[in-house]
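Have a look at the structure below, then the notes.
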Amino acid sequence: MFAFTETSPSGTGRPESVFISWLLWQPRGADLAVEALKEVQKLARCRNADPDIARLKALFASLAGADGPAH
């Protein structure tokens with residue numbers, strides 16, 4: 001049996017860390033663009049103007065292809 005002794009979050013909480021963690025937890029074969037769009041929609045409901053939330057939303061939007069053409 002495993003016991004978890006670490007009580008603090010393992011990530012830094014930075015948008016990039018959250019995004020990478022989310023990517024790593026996606027199941028094999030998942031449509032990442034579709035799943036990222038779901039996250040954009042969830043974050044769009046957040047009324048907080050926190051810059052970290054805005055950055056995280058932008059990362060998901062980029063993956064979803066919702067931020068326009070790539071250059």
Side-chain angles (χ1 to χ4, degrees):
M1 188 58 75
F2 294 103
F4 293 101
T5 57
E6 182 66 40
T7 58
S8 63
S10 60
T12 64
R14 292 181 44 195
E16 293 79 7
S17 296
V18 173
F19 182 72
I20 294 297
S21 294
W22 177 87
L23 278 174
L24 293 173
W25 280 99
Q26 295 307 299
R28 183 178 301 254
D31 186 334
L32 295 178
V34 169
E35 297 304 318
L37 186 55
K38 291 178 187 177
E39 298 302 319
V40 169
Q41 292 167 345
K42 288 178 193 175
L43 290 169
R45 293 187 295 240
C46 183
R47 302 289 181 207
N48 189 343
D50 185 280
D52 285 343
I53 292 174
R55 175 72 180 139
L56 182 59
K57 184 179 171 187
L59 289 167
F60 282 120
S62 179
L63 180 60
D67 63 344
H71 296 280

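Excluded from the calculations below are hydrogen atoms, water molecules and symmetry mates; all remaining heavy atoms, backbone and side chain alike, are included.
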Checklist entry - Looking at CH2 of Trp22 and CG of Leu63, how far apart are the two atoms once the value is rounded to the nearest 0.5 Å? => result 5.5 Å

Item to check | Ile20 vs Trp25, side chain to side chain contact (heavy atoms under 4.5 Å, CB included): CA-CA, chis, key distance, verdict | outcome: CA-CA 9 Å; Ile20 294 297; Trp25 280 99; over 6 Å; no

Checklist entry - In terms of hydrophobic clusters joined by side-chain contacts under 4.5 Å, are Leu32 and Leu24 together? => result yes

Checklist entry - Closest approach of Ala61 and Val40, non-hydrogen atoms and distance? => result N-CG2, 3.4 Å

Checklist entry - For the residue pair Ala64 and Leu37, what are the closest heavy atoms and their distance? => result CB-N, 3.8 Å

Checklist entry - Hey, are Glu39 and Lys57 close enough for a salt bridge, meaning a charged N less than 4.0 Å from a carboxylate O? => result no

Checklist entry - Roughly how far, to the nearest 0.5 Å, is the NZ atom of Lys38 from the CZ atom of Phe60? => result 12.5 Å

Item to check | Smallest separation among heavy atoms of Ala44 and Arg47, with atom names | outcome: O-NH1, 4.5 Å

Item to check | Stepwise side chain to side chain contact (heavy atoms under 4.5 Å, CB included) test for Asp52 and Val18 | outcome: CA-CA 10 Å; Asp52 285 343; Val18 173; over 6 Å; no

Next on the checklist: Tell me if a side-chain donor or acceptor on Ser21 pairs with a main-chain N or O of Ser17 at a distance below 3.5 Å.
Outcome noted: yes

Checklist outcome for this item: Taken to the nearest 0.5 Å, the spacing of Phe19 CZ from Arg14 CZ works out to 14.0 Å

